[in-house]
Structures are given as structure tokens and as C-alpha cells.
Amino acid sequence: MGTVIAAVKGTRDFYPEAMAVRAWLYRVIGEVSASFGYQEYDGPFLERLDLYAAKSGEELVKEQAFVFPDRGGELITLRPELTPTLARMVAQRQKQLVYPLRWWSFGPFWRYERPQKGRTREFFQWNADLIGANSPESDAELIALCVAFFRRVGLTPSQVGIFINDRHLMESLLLDLGIVAERHREVFRLIDRREKMNPEAWEDYALSLGLQPVQLDGLKRLLDDKSLWQHSPSLRRVFAALKAYGAVDYVHFDAQIIRGLEYYTGTVFEGRDMGKEGRAILGGGHYDNLVADVGGEPLPGVGFAMGDVMVTLVLEKYGLLPTWNPAPADVLVTVFDAEHLLKSLEISQILREAGLRVIGYTEAIKLDKQLRYAHRAGIRYAVIAGPDELVRDQVALKDLQTGTQTLVALSEVAFTVKAQMGVS
RNA sequence: GUGGCUGUAGCUCAAAGGCAGAGCACCUGACUGUGGAUCAGGUGGUUGUGGGUUCGACCCCCAUCAGCCACCCCA
């Protein structure tokens with residue numbers, strides 16, 4: 001074997017076992033989304049760079065997007081997130097759509113980053129958005145949707161949680177501390193960094209931003225105040241709604257949740273492993289001006305994104321991934337010799353039409369090799385159609401799991417297999 | 001973009017500057033129309049790639065690529 005051409009850095013090959021997980025995730029996400037009345041949609045995987053100029057995080061577009069000129073010289077981007085596309089799609093049909101709009105999507109995204117645990121350059125994301133509704137209860141619905149997903153896959157409140165905050169609340173509290181609005185962006189960044197830095201370095205950082213010691217003390221007091229959310233009428237309504245949704249046991253207030261994307265304006269939240277392991281499983285929040293930013297009328301919304309990489313790691317950690325059944329078929333119809341090859345193919349088709357998953361061997365090789373193939377592939381039943389059986393319109397049916405073999409009338413094979421599959 | 005660790009058979013790993021190995025897997029046979037178990041035998045490598053040092057390099061040095069991990073950022 002020569003040197004295999006390497007895959008593109010940060011991409012993943014979905015061998016059948018991994019593909020089964022991805023397909024399962026897609027199915028579960030679709031079911032959960034539909035249960036809240038969300039409709040599936042998707043946008044193009046290629047977008048013009050201009051689309052992201054409006055509101056995505058600076059770094060997300062400038063440094064993490066795959067951008068290349070097409071043959072006409074236009075700058076094209078492999079989508080690094082879906083929300084701007086969603087905003088465009090809504091803006092294009094703004095007057096025709098029925099609001100509040102509930103849409104979900106699951107598709108690939110690309111970001112040019114250094115791959116590491118929980119992060120690849122090509123990944124899949126579940127996006128869900130509620131557009132044209134503007135209430136704390138609407139924000140709570142999206143969180144309830146996340147929780148519904150957690151419950152559906154078996155993740156418990158002791159394993160994962162959703163941490164929420166309100167940017168409006170933080171803004172007003174910063175103003176109370178005498179920190180003017182122009183400084184909020186950098187102070188938000190400071191807040192976001194607190195978990196990751198040691199206390200002294202963090203305080204030095206705060207003072208270097210020009211915060212007064214009094215303001216720093218006030219800020220620390222705010223961030224450590226677990227009941228701070230009670231000062232926010234909005235968050236109080238969010239929590240009340242979450243209680244109604246039966247989702248509140250997964251949800252925690254955390255004043256340090258800020259989120260990086262700049263278009264978030266009110267409620268922000270992220271899902272994490274309760275063991276504080278790894279990066280966020282999902283992130284989302286409320287936005288006011290997204291549709292207007294791409295040329296539409298102002299329309300508020302709330303949404304989130306959940307990446308497949310991190311959630312799969314978490315599910316694996318807790319043993320919640322579906323068990324993989326490698327068997328490609330229920331039955332293998334073997335070929336006795338070259339003369340009986342077509343007869344075997346006929347039998348395979350009869351069984352197929354009876355509703356079984358059937359592989360018919362397509363080469364007249366030694367029988368032991370064919371049975372060995374069935375065994376290695378995990379196929380439970382083998383049909384052996386040799387001259388001795390066929391003269392009496394029978395075949396031998398072998399159960400490779402129990403090792404038993406019986407003679408069965410050709411017309412009864414499908415029925416017999418199905419009956420045996422049913423009992424075990 | 002910054003830093004750390006790691007690249008040896010299909011897989012998991014040895015070989016501490018001196019003949020590149022083991023287990024598992026795979027292939028063949030014992031088996032006349034039958035998988036697994038056992039036994040016997042066998043295939044398999046420019047040691048990621050390219051340079052350098054040395055009488056001699058899997059081992060030391062440089063570069064590069066890839067994987068993993070952390071930072072950054074974020075799903």
C-alpha cells in the first residue's frame with residue numbers, strides 16, 4: 001500500500017459506526033424540534049463574505065472563516081455559523097412568513113481553527129430559532145427545547161446544565177457601578193475571562209482596563225451573587241416559564257455567562273457539562289436587530305446552536321450513545337457454485353421483497369469463505385442453496401448465532417427467518 | 001496565530017547509537033458442501049516526510065507534515 005492522501009486537517013471521516021451516531025443525532029434533534037412545532041430549513045453552505053460583515057464576532061469572520069475568491073474574484077465563505085443566513089432568508093420573505101416563526105436546522109459548518117478536544121474545523125450544528133416573538137417566555141422556550149433534547153437522550157440535571165444570564169441586567173448593574181456604556185464591551189470580556197484566569201491576574205487585568213478599586217469590588221460582589229437574577233424582571237419571568245416547562249432543574253443563573261457573539265442583546269445561555277469538563281455544549285441568546293442588519297425590518301428573535309462534536313463527547317462520557325449494530329443485513333444467501341449463482345440471486349430477491357435485509361453473495365467462491373464473511377460481518381442467518389436442497393425446493397437455513405441448521409421449504413424461508421428474529 | 005506531547009506492521013506497543021520485534025488481526029492448510037475453537041505454517045516495514053551529525057540513526061540535531069492537548073476563540 002502506498003501513501004494514502006491525507007484528509008483535510010480538522011475534518012472527520014464518518015465510517016459507518018460514526019455515521020450511525022450522526023444519523024441518530026439528526027433523528028433525535030428532528031423529533032425534539034418537531035415536538036415544539038419547529039420546521040426544518042437549511043441555507044447554502046457557501047455565502048458571500050459580506051453577509052458576515054454585519055454582526056458576527058470580528059474574530060469569527062476575520063480569522064476563523066474559510067474565505068476564498070471564486071473564479072470571478074468574489075470572496076466566498078464556507079459558512080461559519082447559520083444565524084446570518086437565517087436573517088437573510090427571513091429578510092427576503094419578511095412580508096410572506098407567518099410569525100412567530102419557529103425553524104430548526106442541522107448541517108455542516110466550517111471554522112479555520114486549531115483542532116483539539118471538542119473542536120474540529122468541520123462540524124455539524126443544530127440551530128433552532130424563534131423569530132418575531134419578544135418575551136422572556138419566548139427565550140425560555142428555546143431553553144426548554146434544549147432541555148427536552150437533554151431529557152430525550154438521557155442526560156440528567158446532575159450531568160449537564162444550562163447557565164443563563166441577561167445582558168440588559170449586567171449593563172444596568174455596570175451603569176450603577178459608574179461604568180459607562182462605552183466600556184461595557186471590554187468589561188464583558190473581562191467578566192468572560194474570570195473563570196479562566198487566576199484571581200490576581202484577573203484583578204490586574206481589571207485595573208489595567210481603568211476600573212477603580214471600588215468598581216472592581218462591586219463587580220466581584222455582583223458576579224458572586226447567586227440571586228442577582230432576582231433583580232431582573234425578565235429573568236424572573238424566564239425562570240417562572242422554565243418551571244412551567246418542567247425544565248427548571250437543568251437551569252442555573254450565572255452572572256459570568258456573556259457569550260461572544262455580538263448580536264446577542266438580552267437573555268444569553270449556554271449548556272455545559274456539570275463537571276465543568278470541556279467547552280460549552282451549546283450556546284444561544286436573544287437578539288433584537290439581526291434581520292435589520294441584513295437589510296430587513298427590525299425583528300427580534302432568540303436562538304441557539306449546539307455542535308455535534310462536544311455533545312457526542314458528553315454522550316459518550318455518560319454511556320448514552322446508541323449501541324452500534326454492525327450487521328449490514330439479516331440474511332446472507334450463499335452461492336453453492338457457478339451454476340447456482342443466479343438461483344441464489346433469485347432467492348435473495350424473494351427474501352428482500354418479503355421485507356428482510358438481504359445480501360446475496362455475488363461470487364461463486366468456496367462456501368466456507370462465504371460463511372466466514374457472514375460471521376465477520378455480523379450477519380446472523382445464512383441460506384445455503386445446493387443441489388440436494390433445491391431438488392426438493394428447499395434450502396438449508398443456518399443460524400450462525402446458535403449454530404443450528406434446518407431444512408426449510410423455499411416458500412417458507414422468509415417467514416421462518418422473521419419468526420426466529422422475532423423470538424430473540 | 002502561540003506553546004507542549006506524540007508519530008515504528010492493519011491495531012496496541014517494544015527495541016535506551018550496533019542484524020527492526022511481540023501480541024492481536026489477516027492469509028493458507030488440517031476440513032470430502034459449512035463460520036467461530038484448536039493446531040501447523042505464512043504474508044506484512046524506505047521506523048510520517050525531507051535534510052544533517054556519525055564508521056553506523058527508530059534513537060541525536062534541523063525543517064516539515066499529521067494527530068493529541070492547552071492558550072486564543074468558540075459549537
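Quick note on labels: first sequence line is chain A, next is B, and so on, each numbered from 1.
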Look at the side chain of A:Q405 against the base of B:U34 and say whether a donor-acceptor pair falls under 3.5 Å; ignore hydrogens and angles.
yes
Under 3.5 Å, is there a donor-acceptor pair between the side chain of A:R79 and the main chain of A:P108?
yes
Donor on one side chain, acceptor on other, A:S232 and A:S234, under 3.5 Å:
no
Kindly indicate whether the side chain of A:R114 and the base of B:U2 share any N or O donor-acceptor pair separated by less than 3.5 Å?
yes
Gap in Å between the two C1' atoms, one belonging to B:U54 and one to B:A40, rounded:
45 Å
Between B:A25 and B:U12 - P atom distance, rounded Å:
15 Å
Nearest-angstrom distance, C1' atom, B:A9 to B:G42
15 Å
Separation of B:C74 P from A:F304 CZ (nearest whole Å)
19 Å
Counting distance alone, no hydrogens or angles: does the base of B:G35 have a donor or acceptor under 3.5 Å from a partner atom on the side chain of A:K398?
yes
B:C72 C1' sits how many Å from A:R193 CZ, rounded?
8 Å
Please measure how far the C1' atom in B:A63 lies from the corresponding atom in B:C74, and state the result in whole Å.
32 Å
Could you tell me how far B:C58 sits from B:G18 if I compare only their P atoms? Round to whole Å.
10 Å
Tell me: CD of A:E113 to P of B:C72, nearest whole Å?
12 Å
Within the 4.0 Å heavy-atom criterion, would you say A:E389 contacts the bases, only the backbone, or no part of the nucleic acid?
base
Derivation and outcome, salt bridge (charged side-chain N to carboxylate O under 4.0 Å, His left out), residues A:E47 and A:R88:
CA-CA 11 Å; A:E47 290 281 11; A:R88 191 198 66 233; 2.4 Å; yes
